[in-house]
Structures are given as C-alpha cells and as structure tokens.
Amino acid sequence: KQEVTQIPAALSVPEGENLVLNCSFTDSAIYNLQWFRQDPGKGLTSLLLIQSSQREQTSGRLNASLDKSSGRSTLYIAASQPGDSATYLCAAPNTGNQFYFGTGTSLTVIP
Amino acid sequence: EPEVTQTPSHQVTQMGQEVILRCVPISNHLYFYWYRQILGQKVEFLVSFYNNEISEKSEIFDDQFSVERPDGSNFTLKIRSTKLEDSAMYFCASSVGRVDTQYFGPGTRLTVL
C-alpha cells in the first residue's frame, strides 16, 4: 500500500520568501504524482501533475520536481504571497488510479 | 473554465437513513472518483468508475456504498444506511484519462446525527 508523508506539517514564512515543501512516498512504481492546494473548508485545487517520465513541472511561481528512485517530490514556491496561505497536499497513486494523499503542509505567509 | 460540481453542499441526516450525493463531472472526462475527508484527517480514496463500472475501490467502500451514472452527466454516491462515522466531506473528481490530472469538486459535507 502506498504511504505518503509530507514535511513539514506546518510552515510560516514572511511574504516574499521562497520555500520548499516536501513529499515522500513508499512505492516508487507510480505513473504520476499530483500536488493540490486546499483552503479551509473547501475542495482541492489541482496545482501540478508530474508524469513519471518527467522530472519537473512548472506553473507560474510553482515548480514541482519528482525523483521516483528516491521516492520524493518537492514543491517550490517562489516569492510567496499572503494569498498562497493554504494547505498543500501531495497525492501519489498505487498501480491503479487510486490516489493516496499525504496529511499536507499548512502554509502561512505573513504580510 | 469547466469544473466539477456537487450537490448538496451540506447534507444532514439521521443515522440509518440513506443518502445520495450528486456530482456532475467535467463533460469530456471519462474517469470519475469519490473521495472522503473526515475532519482533521487525510483525504481517502473510495472508488473509481470508468465505462459504466467500478474500476477500483478501497476497503472503505463496502456494501453500504454504491455508485451510479444514471444519465450522461450525473455521477452519484449512495450510502444505504448511514453511520455516525460516515460524517465527512465527500469529494467527487474526474479526469480525462487514467493518468491525467484529477479535478475535484467543492465537496458535500455529510453530517450524520
């Protein structure tokens, strides 16, 4: 069974800082990995999907990397803004299309 | 931009009652999913659905749960006899293909009293 872990559980940074969120997974036989954002009491917003053949994926100020061999992915957020405050979730599949989620990193960007 | 929609946003029911949660996936998507998130816990996979049948389900998805695509647009999750522990946020998601981005709806908060 896939186990997904996210570190740190919570992070507080001043506005403008660059930051890295970490995700690790136990079963490296994945075909993709997806990063989401969740605002309090809301649904999940897809941020980036990295296919297993890719090492990086970028969208605006976000960059996600994937290292299957080490079972790790990182989400890099450049020039953080207060609007980035949310919980960031990493999800990795099993051999089917059943996604396993981490517990998330709760990010607070202080103005 | 197309999005997944879910109704109702909040459902309150008595223990033992049946509930149906409704979802309208993005129109050209072929794979549909249900997840749940108990307050303060991880998002958990329940079931995936493709070509009018269940393609995968978790241990959570027991005989009390069923899914259906009754027409060309709706995708439903039925819980036959709700328990207190079924109280959670239920999310519907859809994707074009099996390995493509999953887009989530806003969720239905189910409260079982």
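Only heavy atoms go into these numbers, but all of them, side chains included; no hydrogens, no water, no symmetry mates. Letters A, B, ... are given to chains in the order of the sequence lines, protein chains preceding strands, and every chain is numbered from 1. Bear in mind that the values here come from a model prediction, so they are computed numbers and not experimental data.
The structure places CZ of B/Phe104 at 7.5 Å from CZ of A/Phe99, a figure rounded to the nearest 0.5 Å. Atoms OH and CG, from A/Tyr31 and B/Asp100 in turn, are 9.5 Å apart once rounded to the nearest 0.5 Å.
In the hydrophobic clustering of ILVMFWY residues, with side-chain heavy atoms under 4.5 Å counting as a link, A/Trp35 and A/Leu49 come out apart. Under the 4.5 Å side-chain heavy-atom criterion for Ile, Leu, Val, Met, Phe, Trp and Tyr, B/Ile60 and B/Phe45 are members of distinct hydrophobic clusters. No chain of hydrophobic side-chain contacts below 4.5 Å, direct or via other Ile, Leu, Val, Met, Phe, Trp or Tyr residues, connects B/Phe75 to B/Val24. Both A/Leu47 and A/Leu107 are assigned to one and the same hydrophobic cluster, defined by single-linkage of ILVMFWY side chains at heavy-atom distances under 4.5 Å.
Within 6.0 Å of atom CG in B/Leu39, 12 or fewer heavy atoms from other residues, nucleotides or ligands are found, so the atom counts as exposed in its surroundings. For B/Asp62, the CG atom sits in a packed shell: over 12 heavy atoms of surrounding residues, nucleotides or ligands are nearer than 6.0 Å. In the displayed structure, B/Arg69 atom CZ is contacted under 6.0 Å by more than 12 heavy atoms of other residues, nucleotides or ligands. Remark: B/Arg80 CZ is packed, more than 12 non-hydrogen atoms of other residues, nucleotides or ligands lying under 6.0 Å away. Remark: B/Lys57 NZ is loosely packed, at most 12 non-hydrogen atoms of other residues, nucleotides or ligands lying under 6.0 Å away.
With chain A as partner, the option from B/Met89, B/Gln102, B/Glu44 having the largest number of non-hydrogen pairs under 4.5 angstrom is B/Gln102. Chain B forms more heavy-atom pairs under 4.5 Å with one residue of A/Gly41, A/Ser52, A/Gly43, A/Ser46 than with any other, namely A/Gly43.
Of the atoms belonging to B/Tyr50, not a single heavy atom falls under 4.5 Å from chain A. With a 4.5 Å cut-off on non-hydrogen atoms, A/Leu89 touches chain B through its side chain but not through its backbone. Using a 4.5 Å cut-off between heavy atoms, A/Phe36 contacts chain B through its side chain alone, with no backbone atom that close. Heavy atoms of B/Thr101 lying under 4.5 Å from chain A belong to its backbone as well as its side chain. Contacts between A/Gln34 and chain B at a heavy-atom distance below 4.5 Å involve the side chain alone, from C-beta outward. With a 4.5 Å cut-off on non-hydrogen atoms, B/Ser95 does not touch chain A at all.
The two residues B/Gln37 and A/Gln38 have their closest heavy-atom pair at OE1-NE2, 2.9 Å. Shown here for B/Val99 and A/Gln51, the closest heavy-atom pair between the two residues is O-NE2, 3.0 Å.
The aromatic ring centroids of B/Tyr35 and A/Phe101 lie less than 6.0 Å from each other.
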